[in-house]
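Take a look at the structure below.
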Amino acid sequence: MNEQLIKEFTARFGAAPEAVSQAPGRLEILGNHTDYNQGFVLSCAVGLNTAFAARRIQGSVCTIRDFRDGSEKKFDLNNIDEAVRGDWSNYVKGMITALRRRGFTIGAFEAGMRSTVPLSAGMSSSAAFETAAGFALRELFDIRLTPEEWALAGQEVENIYLGLKTGLLDQFSSIFGKKDAIILSDFRKIAVLRTVQLPAGYAVAVINSMKKHNLVDSEYNTRRADCENAAEILCGIYSDAKTLRDISLDQLVNAKPALGEREYRRALHVVGECTRVHLAVERLEKGDVEGFGQLWFDSHESSRVNFENSTPELDYLIELAKSIPGALGARLSGGGFGGITIHLVRKDQAEEYARKVCAAYKLRTGIDAEYYICELGDGACSEKLN
Ligand code: GLA
């Protein structure tokens with residue numbers, strides 16, 4: 001993709017880029033809505049990427065072209081403090097703002113991008129975009145930050161610039177992903193604790209429901225508020241606890257009378273997900289693929305019932321996973337409220353399985369679902385060109 005992007009960039013801007021970067025989308029394997037509760041997540045970067053190419057120019061006006069559809073955005077560096085609604089260059093302007101907040105000076109540039117990460121599907125196309133942009137800018141303006149700091153800068157684009165109170169999972173996975181591996185992250189330590197292998201012969205099939213609730217952003221923020229309310233009550237009862245991550249299932253059950261019914265279910269989801277993440281690592285180490293897959297089904301059921309971040313379309317895809325032979329587990333992945341499901345399948349049956357699920361989904365919903373058999377890829381990278 002980079003070769004093509006360099007050619008297109010050169011044709012459009014009349015000079016070669018000085019730097020290129022790429023950042024992958026991600027899949028949340030287990031650990032739904034645990035990141036902002038300082039919990040644990042199993043995730044991976046995928047082989048689908050956003051690539052960004054850029055070169056410095058004089059003045060203060062930047063141009064960015066999306067070579068997928070030929071659309072182009074211009075903005076003046078003296079006027080980027082506020083996000084403009086619906087403008088995709090917000091991700092770049094937000095990153096510049098986050099870097100300025102850290103004391104870096106960003107000059108004008110022209111840039112081009114291409115991406116194979118599906119948009120608004122739950123594969124973190126936005127984290128891929130802001131990370132790719134940031135990594136290209138680091139080459140142009142010699143910005144030295146640790147990978148953790150880059151992830152935090154990306155999260156600020158969402159939290160501060162765009163007003164979405166997301167956790168750190170997306171940027172973290174896009175930066176720390178390891179080829180053929182799942183990473184176990186601890187969002188209190190802000191660290192990757194270890195990697196685990198997907199068992200040989202198995203693959204992750206992503207099936208996109210192609211439907212996304214239009215209230216995703218506000219629902220996300222209200223789920224986070226529910227978790228924080230539950231945590232406040234629970235931390236009042238258990239003085240050693242700081243967030244839902246510190247609460248055990250027994251403690252939660254014992255404190256049930258102190259919580260509202262909804263807060264209880266939200267907390268149950270988060271506490272359950274943290275437990276499932278640890279169980280998943282144990283099961284993977286023992287080679288218990290079926291047990292690992294069962295945790296995916298359990299996770300989805302908890303999303304459906306406790307966290308209420310599923311949709312009828314996502315639920316139907318999971319029902320199909322239970323009835324069409326081939327999947328050991330399946331669940332929604334990412335924020336929820338639509339978007340993708342992930343299915344643990346045997347590699348040699350993955351295509352056939354995904355095609356059957358899509359055909360059955362079409363019959364019931366009339367929607368053409370898209371599927372991808374995912375490669376687990378490396379995290380973001382960038383290089384200076386001569
Ligand atoms: C979205 C957010 C992440 C995380 C997931 C749910 O992808 O951006 O921070 O909270 O939802 O686990």
Side-chain angles (χ1 to χ4, degrees), residues 23-46 48 91 94 117-131 148 150-177 182-188 190 206 208-209 212-213 215-228 231 243-245 266-267 269-277 280 295-296 299-300 302-304 306-311 314 331-342:
R26 65 101 188 87
L27 293 178
E28 171 203 279
I29 299 293
L30 271 174
N32 189 241
H33 286 259
T34 55
D35 60 349
Y36 55 80
N37 292 297
Q38 298 187 357
F40 301 92
V41 188
L42 285 173
S43 68
C44 62
V46 294
L48 304 171
Y91 295 103
V117 187
L119 293 177
S120 305
M123 293 178 81
S124 296
S125 55
S126 53
F129 187 23
E130 68 221 6
T131 304
E148 291 81 0
W150 276 110
L152 288 163
Q155 186 191 21
E156 265 181 41
V157 178
E158 309 284 340
N159 291 179
I160 303 182
Y161 204 72
L162 299 167
L164 267 174
K165 300 180 118 193
T166 47
L168 196 54
L169 170 67
D170 307 348
Q171 296 78 10
F172 214 69
S173 312
S174 181
I175 290 172
F176 286 96
I182 298 174
I183 59 174
L184 169 64
S185 306
D186 175 339
F187 286 100
R188 170 164 293 155
I190 310 198
V206 172
N208 189 346
S209 71
K212 194 106 186 167
H213 230 265
L215 290 176
V216 177
D217 299 350
S218 60
E219 292 274 4
Y220 186 95
N221 288 353
T222 58
R223 290 302 180 282
R224 182 166 180 163
D226 288 347
C227 290
E228 283 162 0
T243 67
L244 290 182
R245 167 226 172 101
R266 305 301 191 238
H269 181 64
V270 173
V271 171
E273 284 294 283
C274 284
T275 313
R276 281 186 280 277
V277 165
L295 294 169
W296 295 30
S299 167
H300 186 81
S302 176
S303 269
R304 190 178 73 78
N306 297 321
F307 214 68
E308 295 177 285
N309 60 335
S310 188
T311 60
L314 294 175
R331 58 180 292 267
L332 66 79
S333 170
F337 310 108
I340 58 158
T341 54
I342 56 172

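When a ligand or atom number is given, it counts from 1 through the structure's own listing order.
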Please report the closest heavy-atom contact between Ala128 and Val117, naming both atoms and the distance.
CB-CG2, 4.3 Å

For atom 8 (O) of ligand 1, closest protein heavy-atom neighbour
Asp170 OD2, 2.5 Å

Ligand-side contact atoms (ligand 1) for residue partner Thr166, heavy atom cut-off under 4.0 Å
2 (C), 8 (O), 9 (O)

Any atom of ligand 1 sitting under 4.0 Å from a heavy atom of Arg26?
yes

Keeping Thr243 on the side-chain end and Asn37 on the backbone end, is there a donor-acceptor pair under 3.5 Å?
yes

Heavy atoms only: which of Tyr36, Phe172, Phe187, Tyr220 is nearest to atom 10 (O) of ligand 1?
Tyr220

Can you tell me how far SG of Cys44 sits from CD1 of Ile183, rounded to the nearest 0.5 angstrom?
8.5 Å

Of Asn159, Asn309, Asn37, Asp35, the residue with the heavy atom nearest atom 3 (C) of ligand 1 is Asp35

Give a yes or no on whether the ring-centroid distance for Phe337 and Tyr220 is below 6.0 angstrom.
no

Does His33 have any side chain to side chain donor-acceptor pair (under 3.5 Å) partners at least two apart in sequence or in another chain, and if so, which?
Tyr36

Below 3.5 Å, N or O to N or O, backbone or side chain included: is there any such pair between Glu28 and ligand 1?
yes

Taking atom 1 (C) of ligand 1 as the point of reference, which of Ser124, Ser333, Gly335 owns the nearest heavy atom?
Gly335

Would Glu228 and Arg266 pass as an ion pair if we require N to O under 4.0 Å?
no

Against heavy atoms of Gly167, which atoms of ligand 1 measure under 4.0 Å?
9 (O)

